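All values reported here derive from a predicted model rather than from experimental measurement.
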Amino acid sequence: MESSFYKYCPINDDKNLENEYSLINLLSNQVTFSRRKNFNDLFDSKVDFIKPTHKELKALIPQIKGKEKALFKSVFLKNENEFINDIVEKLEKKFDEYLFYCVTDDPENNLMWSHYASSHRGFCIEWDSSMIKAEKVSYESDIASFKVIDLIKSRFNIISNDEPARNMWKALRIKLKEWEYESEYRLQLNDQKYYHVIERNSNFVLVGYDLEWIKSIIFGYRMSEESRQYVISRMPKGTKYKEIVVDKSSVRVVDIN
């Protein structure tokens, strides 16, 4: 298990630091959990819903017990197209409700500093991974798929009710291979963390955290002295700071003495 996770954060305007959302979050001890529709990648968390055939549905009948068997025949087999399409529509909405926070295990990624930390002018938060229970993203050649029949199986107690939920979360952790350089992990906002919620709206949720979860703040190579001092003067005493230095063909993190 990784000992730390990292979140790259931008700073867009050194002259307007009090309005930089990444600094507002840092100094307010909060992070932003987003829904999949907010991502810049068109294919991130996009799911191909595999609809069952009539033959596959009929094959479930012997596995269904009691009065549920009659219900299945009258509902799913009699109007299967209508009900399957309705299930897919509800699944899309369910996937849209998931909220997650994205981190990486690599603080020395030049591309990540360039893309997510304002071309090295931003900073990176080092999280204690024992507090941030993030799970690895899988990089695939195709988008994720989800078998609609699994939801039907769980409804009629053929498989565990937990299995579709596990498959949903697995699908939401699949990205195309072109993003593999990010080495991403995702933390799901589940029921156990709801007591940390600070603000909720249709696009994101702000969630509070304990200061002890942060191991260090890493300053970008081009982060201005003004931005550095803005952070240092407002973070609690005892906060550990690091910075990026540039070698011949790479960047690396060093402690600030």
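Here D41 contributes atom CG and E182 contributes atom CD; the two are 8.5 Å apart, rounded to the nearest 0.5 Å. Here the straight-line distance linking atom NZ of K177 with atom CG of D142 works out to 10.5 Å at 0.5 Å rounding. With rounding to the nearest 0.5 Å, the separation of CG in D150 from CE in M168 is 10.0 Å. Summarising the geometry, atom CZ belonging to F123 is positioned 11.5 Å from atom OG belonging to S216; distances are rounded to the nearest 0.5 Å.
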Could you check H196 against W213 for ring-ring contact (aromatic ring centres under 6.0 Å, His included), going step by step and ending with a plain yes or no?
-> CA-CA 14 Å; H196 285 298; W213 297 10; 5.7 Å; yes
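The backbone N or O of C102 lies less than 3.5 Å from a partner atom in the side chain of K7, making a donor-acceptor pair. Proximity of a side-chain donor or acceptor of Q188 to a complementary backbone N or O of L99 within less than 3.5 Å is not detected. Of the possible polar contacts, one joining the S129 side chain to the S3 backbone as a donor-acceptor pair under 3.5 Å is found.
Remark: of the listed residues L187, V197, L206, L187 is the sole one forming a side chain to side chain contact (heavy atoms under 4.5 Å, CB included) with F33.
Relative to the six-membered ring of Y139, K175 misses at least one condition, a distance below 6.0 Å or an angle of at most 45° to the axis.
With no hydrogens or angles considered, no side-chain donor-acceptor pair links T104 and E184 at under 3.5 Å.
Shortest non-hydrogen contact noted between Y230 and S233 is O-OG, 3.2 Å.
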